[in-house]
Amino acid sequence: MKEEQKEEKETVAQKEKKAGYKPLKMHARIHFDFDRYNIKKDYLPYLNVITRYLKANKELKIKIVGYTDSIGSKEYNDRLARKRAESIKKYLIDHGISPDRIEIIGKGKEDYLFDNNTPLNRFTNRRAEFFVMEPVEGK
């Protein structure tokens, strides 16, 4: 891992700790079609489970991080990644989750899961990941 990325991840972890929240082991991911940010119907039951979990645990927050594959400019992919995260945020808000509990990040062409040499790998990289955050004790 590059030194800059290592420092950036440490900075994110420090911010989360200062904010009084840390990631739970619960982690989820959904994928998107090329050049799209609409949520596929296949993922709606999955999002409904996350919604129910957040409603039952009102002290939790969620972080949604959007990603793209390597096709397209950095600027375009940064916007698309953010739109992917925003579409999920909107879904959660529309289903009763307070916007104050949702943080979104668009990473674009960063942190690939796989190389972008095949259509399947590019599909796998076009994703949004969810991190359910719990309060840190004493905060």
Side-chain angles (χ1 to χ4, degrees):
M1 181 186 302
K2 293 180 183 173
E3 195 62 35
E4 296 166 354
Q5 289 175 326
K6 196 175 192 179
E7 289 175 15
E8 183 178 319
K9 287 188 180 194
E10 288 172 5
T11 304
V12 170
Q14 290 168 349
K15 285 180 185 175
E16 289 167 356
K17 189 173 183 180
K18 286 180 185 174
Y21 282 84
K22 67 176 181 178
L24 282 172
K25 294 195 188 293
M26 178 187 234
H27 175 242
R29 177 184 306 142
I30 69 169
H31 298 274
F32 294 86
D33 287 328
F34 178 72
D35 201 27
R36 299 281 183 256
Y37 56 90
N38 57 305
I39 300 167
K40 297 171 124 193
K41 290 180 184 177
D42 297 350
Y43 291 109
L44 296 180
Y46 194 50
L47 289 175
N48 291 336
V49 168
I50 292 169
T51 301
R52 283 193 302 275
Y53 186 77
L54 290 171
K55 283 182 176 180
N57 297 277
K58 297 198 182 300
E59 76 284 3
L60 301 179
K61 293 187 177 189
I62 189 165
K63 182 189 324 185
I64 305 164
V65 184
Y67 299 89
T68 64
D69 61 25
S70 63
I71 298 171
S73 72
K74 178 182 180 345
E75 295 78 22
Y76 181 83
N77 280 329
D78 286 349
R79 284 190 307 272
L80 180 58
R82 185 153 182 94
K83 285 181 181 180
R84 288 176 174 163
E86 286 172 349
S87 70
I88 296 163
K89 179 178 180 177
K90 181 181 180 329
Y91 183 89
L92 295 174
I93 292 168
D94 290 348
H95 288 82
I97 304 302
S98 168
D100 297 338
R101 297 175 62 197
I102 306 168
E103 175 187 355
I104 60 169
I105 299 171
K107 285 212 168 185
K109 298 168 81 165
E110 294 179 34
D111 298 334
Y112 297 128
L113 296 174
F114 297 98
D115 64 45
N116 285 279
N117 295 335
T118 68
L120 180 58
N121 286 3
R122 287 189 295 275
F123 174 77
T124 304
N125 288 329
R126 293 188 303 262
R127 68 197 190 277
E129 295 182 338
F130 306 77
F131 301 90
V132 177
M133 311 295 284
E134 69 177 342
V136 175
E137 286 188 37
K139 294 279 180 176

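This structure is a prediction, so every number in the text was calculated from the model and none was measured. Atom set for the values below is all heavy atoms of this structure, side chains included, hydrogens, waters and symmetry mates excluded.
Among all heavy-atom pairs drawn from Ser87 and Ile39, the shortest one is O-CD1, 3.6 Å. Minimum heavy-atom separation, Gly72 to Lys109: O-NZ, 2.6 Å. Between Ala85 and Gly66, the shortest heavy-atom distance links the atoms CB-N, 4.0 Å.
The cluster map of Ile, Leu, Val, Met, Phe, Trp and Tyr, joined by side-chain heavy atoms under 4.5 Å apart, puts Ile88 and Tyr53 in the same cluster. A chain of hydrophobic side-chain contacts below 4.5 Å, direct or via other Ile, Leu, Val, Met, Phe, Trp or Tyr residues, connects Val132 to Tyr43. Leu80 and Ile104 end up in different hydrophobic clusters when Ile, Leu, Val, Met, Phe, Trp and Tyr side chains are linked at under 4.5 Å.
In terms of modelled atom types and a separation under 3.5 Å, the side chain of His31 and the main chain of Thr124 share a donor-acceptor contact. The closest donor-acceptor contact from the side chain of Arg101 to the backbone of Leu60 lies under 3.5 Å. Put simply, the side chain of Arg127 never gets that close to the backbone of Tyr67: no donor and acceptor are under 3.5 Å apart. Put simply, the side chain of Arg84 never gets that close to the backbone of Gly108: no donor and acceptor are under 3.5 Å apart. Looking at Lys55, its side chain does come within 3.5 Å of a backbone N or O of His95 through a donor-acceptor pair.
The line from CG of Asn57 to CD1 of Ile62 is 11.5 Å long, rounded to the nearest 0.5 Å. Atom CD1 in Ile102 sits 14.0 Å away from atom NZ in Lys63 (nearest 0.5 Å). We find the NZ-CG distance between Lys61 and Leu54 to be 12.0 Å, quoted to the nearest 0.5 Å. For the atom pair OH (Tyr91) and CD1 (Ile97), the distance works out to 10.5 Å, reported to the nearest 0.5 Å. Here the straight-line distance linking atom CG of Leu113 with atom CZ of Phe123 works out to 11.5 Å at 0.5 Å rounding. The distance from atom CD of Glu110 to atom OG of Ser70, rounded to the nearest 0.5 Å, is 13.5 Å.
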*What do the steps show when you test Phe114 against Leu120 for side chain to side chain contact (heavy atoms under 4.5 Å, CB included), and what is the final call?*
CA-CA 9 Å; Phe114 297 98; Leu120 180 58; over 6 Å; no
*Is there a side chain to side chain contact (heavy atoms under 4.5 Å, CB included) between Leu47 and Phe130 once you walk through the steps?*
CA-CA 10 Å; Leu47 289 175; Phe130 306 77; 3.5 Å; yes
*Please step through side chain to side chain contact (heavy atoms under 4.5 Å, CB included) for the pair Lys40 and Asp33, ending with a clear verdict.*
CA-CA 8 Å; Lys40 297 171 124 193; Asp33 287 328; 3.2 Å; yes
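Residues forming a ring pair (Phe, Tyr, Trp, His ring centres under 6.0 Å) with Tyr37 (at least two apart in sequence, or on another chain): none.
A salt bridge between Lys74 and Asp78 is present, with a side-chain N of the basic residue lying under 4.0 Å from a carboxylate O of the acidic one.
Screening Asp115, Asn116, Asp69 for a side chain to side chain donor-acceptor pair (under 3.5 Å) involving Asn121 leaves a single residue, Asp115. Here the options are Leu92, Ile105, Ile50, the test is side chain to side chain contact (heavy atoms under 4.5 Å, CB included), and the partner is Ile64; only Leu92 passes.
Its side chain within the 4.5 Å cluster rule, Ile71 clusters with Phe34 among the Ile, Leu, Val, Met, Phe, Trp and Tyr residues.
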